[in-house]
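Convention: sequence-line order gives letters A, B, ...; per-chain numbering from 1. All values below come from the heavy atoms of this structure, side chains included, with hydrogens, waters and symmetry mates left out.
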Amino acid sequence: MNIDWFTFAAQIINFLILLALLKRFLYGPILKAIAEREAEIVSQFDAARREQAAAEATRQDLQKQLDGLATTKKQLLAEAAEEVERWKQERLGEAHADVDAARFDWFETLDREREQLRSKLLTQYRQHALQMARGVLTCLADVDSQKLLVDSFVRQLEEQLSAFPASDGVTVWSAFKLAADQQQQIGDALTHTGIDRTGVAFRIDDSLICGIKVRTRDHEISWNAADSLAFLEGQFSLDLNEALSASGVRLRDSPSNVPGNSVETGESRDVS
Amino acid sequence: MGGAALNPDQPLWQWGPVHLNATILWTWVVMAILVLTSWSVTRRPGTRRRPSKRQIVLEVIVTALRHQIRDVSRQEPGQYLPFIGTLFLFIATAALLSIVPGYVPPTSSLSTTAALSTCVFIAVPLYGIPHLGYRRYFRQYLQPSVFMLPFNVIGELSRTLALAVRLYGNMMSGAMIGAMLLAMAPLFLDVAMKLFGLITGMIQAWIFAILAMVYIASATQVHESRETQP
């Protein structure tokens, strides 16, 4: 229980030496290591926060770019759709135009073919009619009928003498050979107009059907069955068009259907 | 060493007033263990990210000491850590080595515990005066009145004495009882007492360090708060 004062003093010195050594070799290095690690961790946290902020900024930038791309995509799609719609309308317009042109050509071809068919039928019909009429008129043609024909023509000629000025070089065309008295009768009628009888020539025209035609340089007066046949031809054209329309074939207006371009009939035969 | 176990201050070698005894000898051993261990670990510290296992152990010990100091003093532990930490490590190591056969703890000598208590007694004004100044520090011995000066001085001395005797009594009794049981009882009983002595020694080390911190903290905080009262 006694204190050895030398040991007491030595232990104080030993403790102070130990304190200094531990401060040098233990507390200092350990605290320094802890502080450095904490500083490194703090710096790593700061770096992580900076990287996170940078990443967030990058993300926002990329998001903006994505938004911009989405907007651009919408605009491009809208423009493409508009372009496609415009192109489609143009192609449709061209297709319609092509179809109209083709239909027009088809109608033209159809009209042409119809006209050719009509002309062909008319020709055949007229030929048949003419053959028939010629046959009938030929069978009925005799002196009396020719005389009646000449008489009728002379009366018509006398009615229209006022519109028939005097002229030289008159030619009388007939479907049959006129007898001398008949030539005399027509010549007398023409004399009343001041035409020199010696200048009247008589000719035969096979195209005239039971008819007589007087022609000067500028005027013509005729009476023949061709006018009736022309009326018959016009009527046949009308009947043919009606028959085609009723069968469902819609045809463009042919020149013969245009108002004011009617088929000439016997009543409208021209006296010019 | 049987005599040294009972009185470790008996000289083993003497040259005039200078002598060498078991207390000083084992103190040097404890100092060597602490310093060499610290030096071997910290001379080549591990990388910052992956410190060595031994460095981690030392960091755990130092960090625990810092936390204890901070909890007791309510102050930053930086300035107190070397003193309080050295007290704890020296006393704890001196107690842990008691498992070595023939070892005599230096803390079982009253000279050692008195020296440590004297260090605490000196450290209290050394930490308190820089905080409060000479006048404010020494004026607290006159509180609440000048007539309390003798009692305050006696209080300071008595707590220092109590600090020394408490540590000496616990450590000496452990060594004494161990020596007596070794002579009287079977060997396993002495081993059990040694293990019990380890626990007692660690607790005493913690108590000594905490009381030292309390005394120092009271010299810096209690007096300061008393001065701030209107």
Practice task
Please determine if A/K64 and A/D61 form a salt bridge, counting it only when a charged side-chain N lies under 4.0 Å from a carboxylate O.
Solution key: no
Handout entry: Heavy-atom pair count under 4.5 Å with chain A, highest-scoring of B/V18, B/V30, B/L116
Key = B/V18
Exercise for the section: For the residue pair A/F8 and A/W5, categorise the inter-ring angle as parallel (less than 30°), tilted (30 to 60°) or perpendicular (more than 60°). Expected result: perpendicular
Problem - Whether B/T93 side chain and B/F90 backbone form a donor-acceptor pair below 3.5 Å - result: no
Fill in the blank from the handout: If you tally heavy-atom pairs under 4.5 Å between each of B/T113, B/L34, B/L20 and chain A, the highest tally belongs to B/L34
Under 3.5 Å donor-acceptor pairs involving side-chain atoms of residues 70-80 of chain A, not counting sequence neighbours:
unit_1	atom_1	unit_2	atom_2	d
A/T71	OG1	A/D67	O	2.9
A/T72	OG1	A/G68	O	2.7

Problem - Lys/Arg N to Asp/Glu carboxylate O, A/E40 vs A/R37, below 4.0 Å - result: no
Practice task
Please identify each residue that fulfils ring-ring contact (aromatic ring centres under 6.0 Å, His included) with B/Y80, with sequence neighbours left out.
Solution key: B/Y127
Problem - Close side-chain approach of B/M202 to B/I199, heavy-atom, < 4.5 Å - result: no
Exercise for the section: Return yes if some donor-acceptor pair links the side-chain N/O of B/Y215 with the main-chain N/O of B/A123 below 3.5 Å, else return no. Expected result: no
Handout entry: Contact residues of residues 12-26 of chain A (partner chain B; heavy-atom separation under 4.5 angstrom)
Key = A/I12, A/N14, A/F15, A/I17, A/L18, A/L19, A/L21, A/L22, A/K23, A/F25, A/L26
Problem - B/P17 side chain reached by A/F6 side chain, heavy atoms, under 4.5 Å - result: no
Fill in the blank from the handout: Among residues 81-90 of chain A, those lying within the under-4.5 Å heavy-atom range of chain B are none
Problem - Contacting moiety of A/I41, where chain B heavy atoms sit under 4.5 Å - result: neither
Practice task
Tell me, with the steps shown, if A/Q11 and B/T23 meet side-chain hydrogen bond (donor to acceptor under 3.5 Å, both in side chains).
Solution key: CA-CA 9 Å; A/Q11 291 296 75; B/T23 300; 5.9 Å; no
Practice task
Can you tell which part of B/T118 gets under 4.5 Å to a heavy atom of chain A, answering side chain, backbone, both or neither?
Solution key: side chain
Handout entry: Crowding at CH2, B/W15 (>12 non-hydrogen neighbours, <6.0 Å)
Key = no
